[in-house]
Protein chains: 2
Amino acid sequence: MSTVKGARARARTEITAAIKDEARRQLAKEGAAKLSLRAVARELGMVSSALYRYFPSRDDLLTALIIDAYDSLGAAAESAQEEVAVAEPLARWTAVCEAVRGWALAHPHEYALIYGSPVPGYTAPQTTVPAAARVGLVLIGIVRDAHEHGGLTVPPLPAELLGEAERMTAELAPGLPPEVGAALVAAWAQLYGLVGFELFGQFNRVVEDREPFFRHAVVRLAHGVGLRPGLPGERA
Amino acid sequence: MSTVKGARARARTEITAAIKDEARRQLAKEGAAKLSLRAVARELGMVSSALYRYFPSRDDLLTALIIDAYDSLGAAAESAQEEVAVAEPLARWTAVCEAVRGWALAHPHEYALIYGSPVPGYTAPQTTVPAAARVGLVLIGIVRDAHEHGGLTVPPLPAELLGEAERMTAELAPGLPPEVGAALVAAWAQLYGLVGFELFGQFNRVVEDREPFFRHAVVRLAHGVGLRPGLPGERA
DNA sequence: CGGGTTGGGAGAGCAGTGCTCTCGTTCGAG
DNA sequence: CTCGAACGAGAGCACTGCTCTCCCAACCCG
């Protein structure tokens, strides 16, 4: 697709991109709360009302930025994963987690935009779902590989959780044991807790040397989903 | 303190409280972003400029609400703890975690205010620190009791983390082994991750039956800091 | 009791915001 | 070539946080 297109359509995509770029710049500098449509327009040399030809509202602009942020984070996670051999699932796991943390520290406001407090009443449109899922899919893939090659050991579930664990595992990681699926979702949320606490200042005056702390926490998270240091597959 | 006070001082504290109450109402209904000084003043039948006699800026009002929220959450955690015997640390742990989750679900916007994305450039004033620490202190207390009565088993730390773990444990939970201190801080952040993911909608279409999921995750968190189901103290 | 001090409410006003509407212009498909 | 759609400019509305000035009433002290 993306045929030659007339000058008008070309201009439209270019201007749309320019608006998003400028908005992202303001977002990175001042945060979502201070992102002003008028300021973006001003910086681009256009008048504020013209901007509404491209984004029907401020929320729509933010939504576009959210999708981009999810994609950027997902891409970071994917490329981190690809740099470690499949046969070393624990190393893959930690690499991905550290990539997530690194991305968050490099793009704090964008991380806050996607994982921080959502605007009340604002429910993310379905458009964001695929982009948002990418990091989760990476983690699922790592654990699935480990499961197929080596086997995972996770303590059994309490009876009250069994049904729900089976349901959600079947839906998002079919083939994995339900204990692993449940542990995976929990680990995902906990990873987000670790990153968020550091990013949002909750570790100030508590944890000083964050990298080793995070590394260790993430390894223990991996243990929680059954990934163990030695014997990942022996025979890849 | 708090002597009879003249009518003027009395009115001041009353009006200050009324402003906070109305602000809290708006916060609960619409969220922090839409909390408007003018709307608060309007609702109270005063003019907006009068409100600045009580709070020098919108941020100061928000800070007051943040402290109140921390205190309310801390009180919820403390009272949940007190309802379970000291001799059952694991039950205490889960009770406190569930109290935190319950409070968060009951006061989503206030939870977002304290644990969500902070306004960029806004660093929480030192005033908030004691209130913010209460939940952490409760968790530390539970683990300390368990450690003194029964003993905890936590895997050893990697060398690179030992020094930092000793430092932070000495500072906020002296007496505990450094492995436990580090695990505790991590568990605290992870608890926040679990609650945040549920609250901010990240579990939508993923986890449906949240209570058992949370309960199980929290028990495994407790295992991570060394709390084990049986033998907590035998002899309280 | 009386006068000065001060705390606090009222109002106007400034600069900024998101968003709407109207009015020309210009591009491009039929 | 023409006519409709896309687009930019500008004015304007309702709202925001915050400041400044004015003025009254409560308070403290002699």
Side-chain angles (χ1 to χ4, degrees), chain A residues 2-20 22-27 29-66 109 113 118-122, chain B residues 2-20 22-27 29-66 109 113 118-122:
Chain A
S2 152
T3 53
V4 203
K5 287 193 298 190
R8 199 153 206 169
R10 184 187 310 265
R12 180 162 237 286
T13 68
E14 254 177 37
I15 296 182
T16 305
I19 293 173
K20 286 210 290 187
E22 178 57 32
R24 207 181 340 264
R25 278 196 46 243
Q26 293 198 14
L27 173 64
K29 194 171 27 154
E30 302 262 33
K34 297 203 176 172
L35 194 163
S36 147
L37 280 190
R38 290 181 112 112
V40 170
R42 207 178 303 134
E43 209 69 22
L44 261 49
M46 47 166 77
V47 88
S48 74
S49 60
L51 216 145
Y52 285 82
R53 303 284 181 190
Y54 300 88
F55 294 93
S57 81
R58 201 191 103 114
D59 275 2
D60 291 88
L61 214 197
L62 274 181
T63 301
L65 294 182
I66 287 175
H109 288 114
L113 189 61
V119 187
Y122 172 88
Chain B
S2 154
T3 53
V4 202
K5 287 193 298 190
R8 203 156 205 169
R10 183 187 312 265
R12 180 163 238 286
T13 68
E14 256 177 35
I15 295 181
T16 305
I19 293 173
K20 285 210 290 186
E22 177 57 32
R24 209 182 336 267
R25 277 195 48 243
Q26 294 199 11
L27 174 64
K29 194 172 25 154
E30 302 262 32
K34 297 203 176 173
L35 193 164
S36 146
L37 280 191
R38 290 181 113 113
V40 170
R42 208 179 301 133
E43 209 68 23
L44 261 48
M46 47 166 78
V47 86
S48 74
S49 60
L51 216 146
Y52 285 82
R53 303 283 182 189
Y54 300 88
F55 294 93
S57 81
R58 201 192 103 116
D59 274 3
D60 290 87
L61 214 197
L62 274 181
T63 301
L65 295 182
I66 287 176
H109 288 115
L113 189 62
V119 187
Y122 172 88

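Just so you know, these numbers come straight off a predicted model, no measurement behind them. Any value given below was found using the heavy atoms of this structure, including those in side chains, with hydrogens, waters and symmetry copies removed. Labels below follow one simple rule: chain letters A, B, ... track the order of the sequence lines, proteins then strands, and each chain is numbered from 1.
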Review item, nucleotides 17-20 of chain D N/O atoms under 3.5 Å of protein N/O:
{"from": "D/dG17", "atom 1": "OP1", "to": "B/L37", "atom 2": "N", "distance (Å)": "2.7"}
{"from": "D/dG17", "atom 1": "OP2", "to": "B/L37", "atom 2": "N", "distance (Å)": "3.2"}
{"from": "D/dG17", "atom 1": "OP2", "to": "B/R38", "atom 2": "N", "distance (Å)": "3.1"}
{"from": "D/dG17", "atom 1": "N7", "to": "B/R38", "atom 2": "NH1", "distance (Å)": "2.3"}
{"from": "D/dG17", "atom 1": "O6", "to": "B/R38", "atom 2": "NH1", "distance (Å)": "2.8"}
{"from": "D/dC18", "atom 1": "OP2", "to": "B/Y52", "atom 2": "OH", "distance (Å)": "3.3"}
{"from": "D/dC18", "atom 1": "OP2", "to": "B/R58", "atom 2": "N", "distance (Å)": "2.7"}
{"from": "D/dC18", "atom 1": "N4", "to": "B/R38", "atom 2": "NH1", "distance (Å)": "3.3"}

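The nearest whole Å value for the distance from the CG atom in A/L44 to the C1' atom in D/dG8 is 13 Å. For B/E30 and D/dC15, the CD to P distance is 14 Å, given to the nearest whole Å. Rounded to an integer number of Å, the gap from CZ of A/R42 to P of C/dA15 is 13 Å. Between the CE atom of B/M46 and the P atom of C/dG9 there is a distance of 5 Å, given to the nearest Å. Atom CG of A/L62 and atom C1' of C/dG18 are 12 Å apart (whole Å). At whole-Å resolution of the value, NZ in B/K34 and P in D/dC15 are 13 Å apart. The nearest whole Å value for the distance from the CG atom in A/L51 to the C1' atom in D/dA6 is 15 Å.
Of all heavy-atom pairs between A/A41 and A/S48, the closest is CB-CA, 3.7 Å. The minimum heavy-atom distance linking A/H109 with A/E30 is given by the pair NE2-C, 4.1 Å. Here the closest heavy-atom approach between residue A/F55 and residue A/L61 is recorded as CD2-CA, 3.8 Å.
In terms of modelled atom types and a separation under 3.5 Å, the side chain of A/R58 and the main chain of A/L35 share a donor-acceptor contact.
Remark: A/R24 engages A/K20, A/D21, A/L65, A/D68, A/E110 in a side-chain contact (heavy atoms from CB on, under 4.5 Å) (not counting sequence neighbours). Take A/R53 and apply the salt bridge (charged side-chain N to carboxylate O under 4.0 Å, His left out) test, not counting sequence neighbours, and it matches no residue. Contacts of A/A50 classified as side-chain contact (heavy atoms from CB on, under 4.5 Å), with partners at least two apart in sequence or in another chain: A/M46, A/V47. Taking the side chain to side chain donor-acceptor pair (under 3.5 Å) definition, one finds that B/S57 meets it with B/D60, sequence neighbours left out. With sequence neighbours excluded, the residues forming a side-chain contact (heavy atoms from CB on, under 4.5 Å) with A/Q26 are A/E22, A/A39, A/V40, listed by chain and number. A search for side chain to side chain donor-acceptor pair (under 3.5 Å) contacts involving A/T16 returns nothing, not counting sequence neighbours.
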I need a per-nucleotide contact map over nucleotides 22-30 of chain C, read 5' to 3'. Cutoff is protein heavy atoms under 4.0 Å; write B for the base, S for backbone only, - otherwise. B---BBS--
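Taking five base pairs at each end of the helix from C/dC1-D/dG30 to C/dG30-D/dC1, the local helix axes there meet at an angle of 10°, rounded to 10°.
The residue A/I15 sits close only to the backbone: its heavy atoms come under 4.0 Å of sugar-phosphate atoms, none of a base. Residue contacts for A/F55: at a heavy-atom cut-off of 4.0 Å it reaches no nucleic acid atom on any strand shown.
In this structure the side chain of B/Y52 reaches within 4.5 angstrom of the side chain of B/L37, judged on heavy atoms.
When the side-chain nitrogen and oxygen atoms of B/R10 are compared with OP1 and OP2 of D/dC27, none of them lie within a distance under 4.0 Å.
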